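The structure under discussion appears below in the form of structure tokens.
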Amino acid sequence: MPRALADSAAILVDSEFVRQEVLTTFGIDPARVHTAHLGVSTAFRPRSDAETRPTLDALGLVHGEYVLAVGTIEPRKNIRHVLEAYAALPDATRKRHPLVIAGAKGWRAGDLEKALRALVERGLIRFLGHVPDDDLPMLYAGAAAFVFASMYEGFGLPPVEAMASGVPVLVADRASLPEVTGDAALKLDPERPDETALTLASMLEDPAVHDDFERRGLTRAAGFTWDACAQAALRVYRSVDRVA
């Protein structure tokens, strides 16, 4: 990596957080490191109950009545935190809002996957595993809230996809996530599930909080487009071409 960076005319990263990591770790001239935020697909947008029903019916879910977590099943994604926070919710809240976890198997997933399967067997959560690309926008749009407790992200597309779908978002206050979500998502300490439970409960039970962060999320997500990403990357290529 150091040799590749040294030989590069420019370095393109997808968040200011990663840019600062590159500068700190490798001591590179800041003028050579550029940020181009990623975009969110237009498939992720608010959808009506009628639009989501075919997908949700097949999964046994009801529009607007479940908490969603999306991410690869691996330690970095901190799914255990979500499970612990959800378990701390009042029984009535959990009855109204089942927890749905979607994600393919990643590294060191064995123990966590066993724990998820055990919770599924007890009827406490829904674990969907990998969800096909065509179904994922419907799964997002039908959620009552989205939780993302990841300990480390270079950008973090799932929270932006959820915001673009009109779903209020709760994300970890770590790495790139505060940069990407700004004031459009509630923040959680990924080491304090008790606090996460309280925040999630307010999002689910208080319509004012729910609607406020739904609006904020839609506004924030509208700024992350693939056209803007491409234009930012193109400017870097052109600057390198002029220097060459």
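Note that the structure is a prediction, hence the values are computed from the model and not measured. Keep in mind that the numbers below use all heavy atoms, side chains included, and drop hydrogens, waters and symmetry copies.
Among all heavy-atom pairs drawn from Arg174 and Asp189, the shortest one is NH2-OD1, 3.5 Å. Across every non-hydrogen atom of Pro159 and Val169, the tightest pair is O-CG2, 3.8 Å. Here the closest heavy-atom approach between residue Leu177 and residue Ala172 is recorded as CB-O, 3.4 Å. Taking every heavy atom of both residues into account, Cys229 and Gly39 meet most closely at CB-N, 4.4 Å. Here the closest heavy-atom approach between residue Val40 and residue Ala221 is recorded as CG1-O, 4.0 Å.
Residues Ile125 and Val100 are not in side-chain contact: their nearest non-hydrogen atoms beyond the backbone lie 4.5 Å or more apart. Contact annotation: the side chain of Leu56 never approaches that of Val62 to less than 4.5 Å [non-hydrogen atoms, C-beta and beyond]. Here the side chains of Ile101 and Ile79 are in contact, with some heavy-atom distance below 4.5 Å.
Contacts classified as salt bridge (charged side-chain N to carboxylate O under 4.0 Å, His left out) and involving residues 215-226 (residues at least two apart or in different chains) are given here: Asp212-Arg216. Screening residues 50-71 for salt bridge (charged side-chain N to carboxylate O under 4.0 Å, His left out), with sequence neighbours left out, gives Arg45-Glu51, Arg47-Glu51, Asp49-Arg53. Every pair passing salt bridge (charged side-chain N to carboxylate O under 4.0 Å, His left out) that includes a residue from residues 88-97 is listed here, sequence neighbours excluded: Asp91-Arg94, Arg96-Glu205. The stretch residues 4-13 participates, sequence neighbours left out, in no salt bridge (charged side-chain N to carboxylate O under 4.0 Å, His left out) pair at all. Under the side-chain hydrogen bond (donor to acceptor under 3.5 Å, both in side chains) criterion, no residue pair touches residues 23-32, with sequence neighbours excluded.
Residues passing the side-chain contact (heavy atoms from CB on, under 4.5 Å) test with Ala233, sequence neighbours excluded: Leu12. Ala10 meets the side-chain contact (heavy atoms from CB on, under 4.5 Å) test with His34, Val236, Val240; sequence neighbours excluded. Listed by chain and number, the residues in a side-chain contact (heavy atoms from CB on, under 4.5 Å) with Pro30 are Arg19, Leu23 (sequence neighbours excluded). In this view, Asp227 and Thr225, Gln231 satisfy the side-chain contact (heavy atoms from CB on, under 4.5 Å) rule, not counting sequence neighbours.
Atom OH of Tyr237 has 12 or fewer heavy atoms from other residues, nucleotides or ligands within 6.0 Å.
The hydrophobic side chain of Leu218 is isolated, with no ILVMFWY side chain under 4.5 Å apart from it.
Separation of atoms OG1 (Thr35) and CD (Gln20) is listed at 8.0 Å; rounding is to 0.5 Å. Summarising the geometry, atom CG belonging to Leu99 is positioned 11.0 Å from atom CZ belonging to Arg126; distances are rounded to the nearest 0.5 Å. For the atom pair Ser41 OG and Phe224 CZ, the distance stands at 15.5 Å (nearest 0.5 Å).
Both Trp226 and Met163 are members of a single hydrophobic cluster when ILVMFWY side chains are connected at heavy-atom separations under 4.5 Å. Linking Ile, Leu, Val, Met, Phe, Trp and Tyr whenever their side-chain heavy atoms come within less than 4.5 Å leaves Leu188 and Phe17 in two separate clusters. Follow the hydrophobic side-chain contacts under 4.5 Å out from Val82 and you reach Leu204 in the same cluster. Val18 and Leu38 end up in different hydrophobic clusters when Ile, Leu, Val, Met, Phe, Trp and Tyr side chains are linked at under 4.5 Å.
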Please report the C-alpha distance between His37 and Asp14 in whole Å, then the side-chain angles of each, then the deciding distance to 0.1 Å, and finally whether the side chain to side chain contact (heavy atoms under 4.5 Å, CB included) criterion is met.
CA-CA 5 Å; His37 282 144; Asp14 57 10; over 6 Å; no

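Taking the ring centroids of Tyr66 and His97, they lie at or beyond the 6.0 Å cut-off.
In this structure a side-chain-to-backbone donor-acceptor pair under 3.5 Å is missing from Thr181 to Ala184. Distance alone, capped at 3.5 Å, places no donor-acceptor pair between the Ser165 side chain and the Val167 backbone. For the pair Asn78 (side chain) and Pro190 (backbone), a donor-acceptor distance under 3.5 Å is present.
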Under 3.5 Å, side-chain donor or acceptor atoms of residues 135-158 against the rest of the protein: list the pairs with distances, not counting sequence neighbours.
unit_1, atom_1, unit_2, atom_2, d
Tyr140, OH, Glu161, OE1, 2.8
Ser150, OG, Arg76, O, 3.4
Ser150, OG, Tyr152, N, 3.4
Ser150, OG, Tyr152, O, 3.1
Ser150, OG, Glu153, OE2, 2.8
Tyr152, OH, Glu21, OE1, 2.5
Glu153, OE2, Arg76, NH1, 3.2
Glu153, OE2, Lys77, NZ, 2.6

Quick one: side chains of residues 192-199, donor-acceptor pairs under 3.5 Å with protein atoms, not counting sequence neighbours, listed by atom name and distance.
unit_1, atom_1, unit_2, atom_2, d
Arg192, NE, Asp194, OD1, 3.2
Arg192, NH1, Glu195, OE2, 3.3
Arg192, NH2, Asp194, OD2, 3.0
Thr196, OG1, His81, NE2, 2.7
Thr196, OG1, Arg192, O, 3.4
Thr199, OG1, Glu195, O, 3.1

